[in-house]
Amino acid sequence: MPTFRYTGVSREGVGKKGIVDAENVSAARLKLRSDGTYPLTVAEETGGGRFLPSLSLLGRKEFLPLLTRQLATLVGAGVPVMSALQSLSAQVDDPESRRVLVEVQEDVRSGMSLARAVESHPGTFPELYASMVRAGEESGTLPLSLSRLADHLEEQSRTVNRVRSALTYPLLMASVAALVVVFLLSFVVPKIVGVFSHMGRALPLPTRALIAVSNVLAAGWWVLLLVLGALVVAGRRYLATDRGKRARDAFLLRLPILGRIVHLSALSRFARTLSTMAAGGIPIDRALRIVAPVVGNAVIAEHIEAAAARVVEGASLSEALRHHAEIPPALVQMVAVGEESGKLDYLLEKMGEAIDGEVEARLSRALSLMEPVIILMMGTVVAFIVISILLPLLEISTIVR
């Protein structure tokens, strides 16, 4: 019978690890639960004796989704948050991650809510994390909120990995093309310019433009680097302000392809989180104010807060949302049906799933288009340089003949 190595937590919140015999992973989990152990990781033991996933074996990017998933499992099983954090922090090998978890644990021990504890560590826990945890605590559905947050973080990680995989080849081609451009501008073009200067004739416009770019790069490349660095620093400081965040989010919504993906992603978070709030019995106006920072877009968050103000004045949720162009009619109609049928939380959850499906489809199409577009752009730049060099050479050959 196969053996499985596990880590888990007892009913008292004490960390445990060991080996269990079972037919498969599911049977191993059932056997551990029957023995009073809540499994965190279960994997078949191999010759090397190592297993995944484990918080001690993960990098920073994989750490947060798995931490959230395991925390949701423990809290959902009835383990106190304090004991769950203590058990999870014992598994972490990275000193910085362990320090953060220990500080969160101490804050919770002192009486602070989990949301406020994680909010004090923005470098590890994003704003969305604290907002989702707060929503779960206020609605009494912390395990569900943590589970949904883990779903979001895992999907986000998968999306980043898909984007990186799709961009590997185009970026490689772009890097090679950039090296070719630098080589041509630094070595080939300056030498050919000397030949062109003795022609005694006006050079073609593409050639003159290429020579001008080559002269600028040769004479002031360090100035361009300084200007670029200054722009990056100034841009980061501006985007750190509320005005800068709103300007950035408004710009993202206006982009041709990416804007629709950003818009739908924000609507998905809105629908799913509001579903949790509605299921927890929180008043709609208060739920909307909790949801607003969760959507991840300042423009849509403003519309949601304005809708909350209309609800306070006596309007229904569907009526309050109908006044805002960023909220699509299909979502408003679904909210109206949910209010009439008393199944608002269920319909919002289904709406969130439907929006996620559309986001996935649009993202796949965008990634499939990105590779040929990048290659086409790089090919155009290289072709321009080659043509700019060949045109005067053709004129020289004509004169020689």
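Heads up: numbering here begins at 1 and tracks the sequence. In what follows, every heavy atom counts, from backbone to side chain, and hydrogens, waters and symmetry copies are set aside. All figures in this text were calculated on a predicted structure; none of them were measured in a lab.
The distance from atom CD of E358 to atom CD1 of I355, rounded to the nearest 0.5 Å, is 8.0 Å. Separation of atoms CG (L66) and CD (E154) is listed at 8.0 Å; rounding is to 0.5 Å. The CG atom of L101 sits 8.5 Å away from atom CD of Q105, with the distance rounded to the nearest 0.5 Å. Taking OG of S83 as the start and CG of L88 as the end, the distance is 10.5 Å to the nearest 0.5 Å. For the atom pair CD1 of I387 and CG of L210, the computed distance is 11.5 Å after rounding to the nearest 0.5 Å. To the nearest 0.5 Å, atom CG of residue L344 and atom CD of residue E349 are 11.5 Å apart.
Considering only heavy atoms from C-beta on, L391 comes within 4.5 Å of P206 through its side chain. Two residues are said to be in side-chain contact when any heavy atoms from C-beta on lie closer than 4.5 Å; V337 and Q333 meet this criterion. In this structure the side chain of L321 reaches within 4.5 angstrom of the side chain of F270, judged on heavy atoms. The shortest distance between side-chain heavy atoms of I327 and V335 does not fall below 4.5 Å. In this structure the side chain of V108 reaches within 4.5 angstrom of the side chain of L85, judged on heavy atoms. Using a 4.5 Å cut-off on side-chain heavy atoms (C-beta onward), R69 and S147 make contact. Using a 4.5 Å cut-off on side-chain heavy atoms (C-beta onward), L264 and R260 make contact. Residues V104 and L114 meet the side-chain proximity criterion, which asks for heavy atoms closer than 4.5 Å.
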**OP:** I would like to know whether R269 and S265 meet side chain to side chain contact (heavy atoms under 4.5 Å, CB included); could you show each step before the answer?
**Re:** CA-CA 6 Å; R269 287 191 289 268; S265 299; 4.2 Å; yes
Subject >> Audit row: L347, S341, side chain to side chain contact (heavy atoms under 4.5 Å, CB included) steps and yes/no >> reply: CA-CA 10 Å; L347 292 177; S341 63; 4.2 Å; yes
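What you find for D345 and A278 is that their closest heavy atoms are CB-CB, 4.0 Å. The two residues A84 and V79 come nearest to each other via the heavy atoms N-CG1, 3.8 Å. Closest heavy-atom contact between P143 and A72: O-CB, 3.9 Å. For the pair A366 and I257, the tightest heavy-atom approach, listed with the atom from each and the gap, is CB-CG2, 3.8 Å. Of all heavy-atom pairs spanning G352 and S268, the tightest one is O-OG, 3.7 Å. Of all heavy-atom pairs spanning A130 and A115, the tightest one is O-CB, 3.9 Å.
Salt bridge absent: E119 and R116 never bring a charged side-chain N and a carboxylate O closer than 4.0 Å. At a threshold of 4.0 Å, the pair E96-R99 counts as salt-bridged, since one of the basic side-chain nitrogens sits closer than that to a carboxylate oxygen. In summary, R272 and D151 do not engage in a salt bridge, as defined by a charged side-chain N under 4.0 Å from a carboxylate O. For the pair R322 and E319, the salt-bridge criterion is not met [side-chain N within less than 4.0 Å of a carboxylate O].
The closest donor-acceptor contact from the side chain of D107 to the backbone of M112 lies at 3.5 Å or more, if one exists at all. When atom types are taken as modelled, the side chain of E137 and the backbone of S113 share no donor-acceptor pair closer than 3.5 angstrom. No donor-acceptor distance shorter than 3.5 angstrom exists from the side chain of S275 to the backbone of A271, with no hydrogens or angles considered. E339 places a side-chain N or O within donor-acceptor distance of the main-chain N or O of L317, the cut-off being under 3.5 Å. A donor-acceptor contact shorter than 3.5 Å links the side chain of T380 to the backbone of L376. Under a 3.5 Å cut-off, the side chain of S120 and the backbone N or O of A117 do form a donor-acceptor pair.
Counting non-hydrogen atoms of neighbouring residues, nucleotides and ligands closer than 6.0 angstrom, the CE atom of M82 exceeds 12 such neighbours. Atom CZ of F251 has 12 or fewer heavy atoms from other residues, nucleotides or ligands within 6.0 Å.
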Side-chain donor-acceptor pairs of residues 300-314 under 3.5 Å, sequence neighbours excluded:
unit_1: E302; atom_1: OE1; unit_2: R246; atom_2: NE; d: 3.0
unit_1: E302; atom_1: OE1; unit_2: R246; atom_2: NH2; d: 3.2
unit_1: E302; atom_1: OE2; unit_2: R246; atom_2: NE; d: 2.8
unit_1: H303; atom_1: ND1; unit_2: H324; atom_2: ND1; d: 3.4

Throw together a table of side-chain donor-acceptor distances under 3.5 angstrom for residues 229-245, partners on residues two or more places apart or in other chains.
unit_1: T241; atom_1: OG1; unit_2: Y238; atom_2: O; d: 2.5
unit_1: T241; atom_1: OG1; unit_2: G244; atom_2: N; d: 3.1

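Looking only at atom types and distance, the side chain of Y129 has a donor-acceptor partner in the side chain of T68 under 3.5 Å away.
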